[in-house]
Amino acid sequence: MRKFPIMALTVASMLSLTGTATAATTAADPVKHPKLIANPLYEAGALPATTCDEPPVKRNNRKLARAYIDAIVACLDTTWEQHLTAAGLPFSKPKVRHVDKIPKTYCGIKTDNEDSTTYYCDRTNTLIFQVGKTWLKDPSDMWLLSTVSYMYGWHVKKLVGIADAYDVLSVHSKAEDRELSRRSKLQNECLSGAFIKSVWPLKGRTTKDWNYLQSMQNGDEPGEARWYGKTATIVAWSKRGFATGDPGSCNTWAAPSSKVA
């Protein structure tokens with residue numbers, strides 16, 4: 001099982017993750033901010049069925065992996081533009097950057113030292129990818145597809161106001177801080193599943209590929225700070241999105257704490 005550092009970077013959200021953000025809204029179980037629990041995104045229905053062709057990838061071929069990422073982002077653009085504009089919600093495409101090495105400080109914070117990683121900076125609406133040996137060992141599975149669609153979820157949430165609403169939540173304890181983080185990340189897992197369902201079946205893929213992807217999920221281990229959620233919880237939200245193809249099923253903010261553990 002593999003677990004890669006995939007996160008959104010903004011000054012406000014990083015402040016909230018460290019428990020130093022201040023605002024008028026207090027987090028609760030479930031969260032009460034209307035832009036989080038009653039966002040228009042949840043009423044827009046299932047994502048439109050579209051076609052997405054996966055370009056070829058090869059082991060240890062960075063050029064092909066980058067082209068693959070660009071193609072999947074283009075598919076995501078098509079799907080989400082149709083969906084959001086049909087619902088009267090704003091849409092703009094994110095920028096995409098590929099780098100050999102992400103700067104030690106990016107979007108206002110320090111980055112990690114992983115050889116393969118990706119970030120979203122909502123200051124510039126940019127997805128940045130560093131494709132290294134870890135991702136290139138076996139890029140033929142669905143993990144890269146899942147990772148890109150997961151990251152795109154940060155952009156969608158910025159567009160519809162979920163990200164900004166998250167940033168103004170007050171945090172009063174480490175436990176509350178981490179639960180909010182899990183709610184946000186688990187929502188991305190569900191949105192990723194919904195997108196994959198909207199382009200399913202993918203040429204050359206079967207249910208076996210989808211099940212294998214779920215077997216690769218790896219949540220917070222015992223003794224770790226619980227920022228992502230348990231493996232079973234991650235799988236449950238991913239499967240929920242795939243089962244419905246509907247972002248409305250991805251309202252992690254209204255779920256009880258037991259469902260985001």
Student check: side-chain heavy atoms of [X] and [Y] closer than 4.5 Å:
{"X": "Ile102", "Y": "Thr117", "answer": "yes"}
{"X": "Leu169", "Y": "His33", "answer": "yes"}
{"X": "Pro247", "Y": "Leu47", "answer": "yes"}
{"X": "Val260", "Y": "Trp237", "answer": "yes"}
{"X": "Glu189", "Y": "Tyr150", "answer": "yes"}
{"X": "Trp135", "Y": "Leu144", "answer": "yes"}
{"X": "Ile162", "Y": "Gln187", "answer": "yes"}
{"X": "Cys52", "Y": "Leu202", "answer": "yes"}

Nearest 0.5 Å, what's the [atom1]-[atom2] distance between [X] and [Y]?
{"X": "Lys203", "Y": "Asp53", "atom1": "NZ", "atom2": "CG", "answer": "7.0 Å"}
{"X": "Lys137", "Y": "Ser116", "atom1": "NZ", "atom2": "OG", "answer": "9.0 Å"}
{"X": "Leu191", "Y": "Asn188", "atom1": "CG", "atom2": "CG", "answer": "6.0 Å"}
{"X": "Leu127", "Y": "Met151", "atom1": "CG", "atom2": "CE", "answer": "6.0 Å"}
{"X": "Asp246", "Y": "Cys190", "atom1": "CG", "atom2": "SG", "answer": "8.5 Å"}
{"X": "Trp154", "Y": "Asp122", "atom1": "CH2", "atom2": "CG", "answer": "10.5 Å"}

Heavy-atom donor-acceptor pair, [X] side chain to [Y] backbone, under 3.5 Å:
{"X": "Glu43", "Y": "Pro40", "result": "no"}
{"X": "Ser149", "Y": "Leu145", "result": "yes"}
{"X": "Asp209", "Y": "Thr206", "result": "yes"}
{"X": "Tyr106", "Y": "Cys121", "result": "no"}
{"X": "Glu176", "Y": "His172", "result": "yes"}
{"X": "Asn251", "Y": "Ala254", "result": "yes"}
{"X": "Arg182", "Y": "Arg226", "result": "yes"}
{"X": "Asp115", "Y": "Thr134", "result": "yes"}

State whether a side-chain donor-acceptor pair under 3.5 Å links [X] with [Y].
{"X": "Asn60", "Y": "Lys133", "answer": "no"}
{"X": "Tyr228", "Y": "Asn218", "answer": "no"}
{"X": "Thr147", "Y": "Trp143", "answer": "yes"}
{"X": "Thr50", "Y": "Thr79", "answer": "yes"}
{"X": "Ser238", "Y": "Gln214", "answer": "yes"}
{"X": "Ser257", "Y": "Glu179", "answer": "yes"}

What about the rings of Phe242 and Trp200, do their centers lie closer together than 6.0 Å? yes
Smallest separation among heavy atoms of [X] and [Y], with atom names:
{"X": "Arg178", "Y": "Ala225", "answer": "CZ-CB, 3.8 Å"}
{"X": "Ser198", "Y": "Pro48", "answer": "CB-O, 3.5 Å"}
{"X": "Ser215", "Y": "Tyr212", "answer": "OG-O, 2.6 Å"}
{"X": "Pro90", "Y": "Leu84", "answer": "O-CD1, 3.5 Å"}
{"X": "Asp141", "Y": "Arg205", "answer": "O-NH2, 3.4 Å"}
{"X": "Thr244", "Y": "Ser249", "answer": "OG1-OG, 2.7 Å"}

Validation: residues 67-77 side-chain donor-acceptor distances under 3.5 Å, sequence neighbours left out:
unit_1 : atom_1 : unit_2 : atom_2 : d
Tyr68  : OH     : Glu54  : OE2    : 2.5
Asp70  : OD1    : His98  : NE2    : 2.8
Asp77  : OD1    : Tyr152 : OH     : 2.5

Return each pair, listed once, that meets salt bridge (charged side-chain N to carboxylate O under 4.0 Å, His left out) where at least one residue sits in residues 85-106; pairs must be two or more places apart or across chains.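 Sorted pair list: Arg66-Asp100.
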Tell me, please, whether Trp253 has Arg183 positioned over its six-membered ring: NZ or CZ under 6.0 Å from the ring centre and within 45 degrees of its axis?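 Ring-cation test returns no.
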For Phe91, what residues pass the ring pair (Phe, Tyr, Trp, His ring centres under 6.0 Å) criterion, not counting sequence neighbours? none
Please determine which of Lys158, Lys35, Lys157 meets the side chain to side chain contact (heavy atoms under 4.5 Å, CB included) test together with Asp164. Lys158
Consider only side-chain heavy atoms of I, L, V, M, F, W and Y, link residues closer than 4.5 Å, and tell whether [X] and [Y] are in one cluster.
{"X": "Leu64", "Y": "Met142", "result": "no"}
{"X": "Leu180", "Y": "Val160", "result": "yes"}
{"X": "Val131", "Y": "Met216", "result": "yes"}
{"X": "Trp227", "Y": "Val235", "result": "no"}
{"X": "Tyr120", "Y": "Leu159", "result": "yes"}

Steps toward side-chain contact (heavy atoms from CB on, under 4.5 Å) verdict (Phe129, Val99): CA-CA 6 Å; Phe129 294 91; Val99 296; over 6 Å; no
Where do Trp210 and Ile196 land on the side-chain contact (heavy atoms from CB on, under 4.5 Å) test, with the steps shown first? CA-CA 9 Å; Trp210 169 253; Ile196 294 174; 4.0 Å; yes
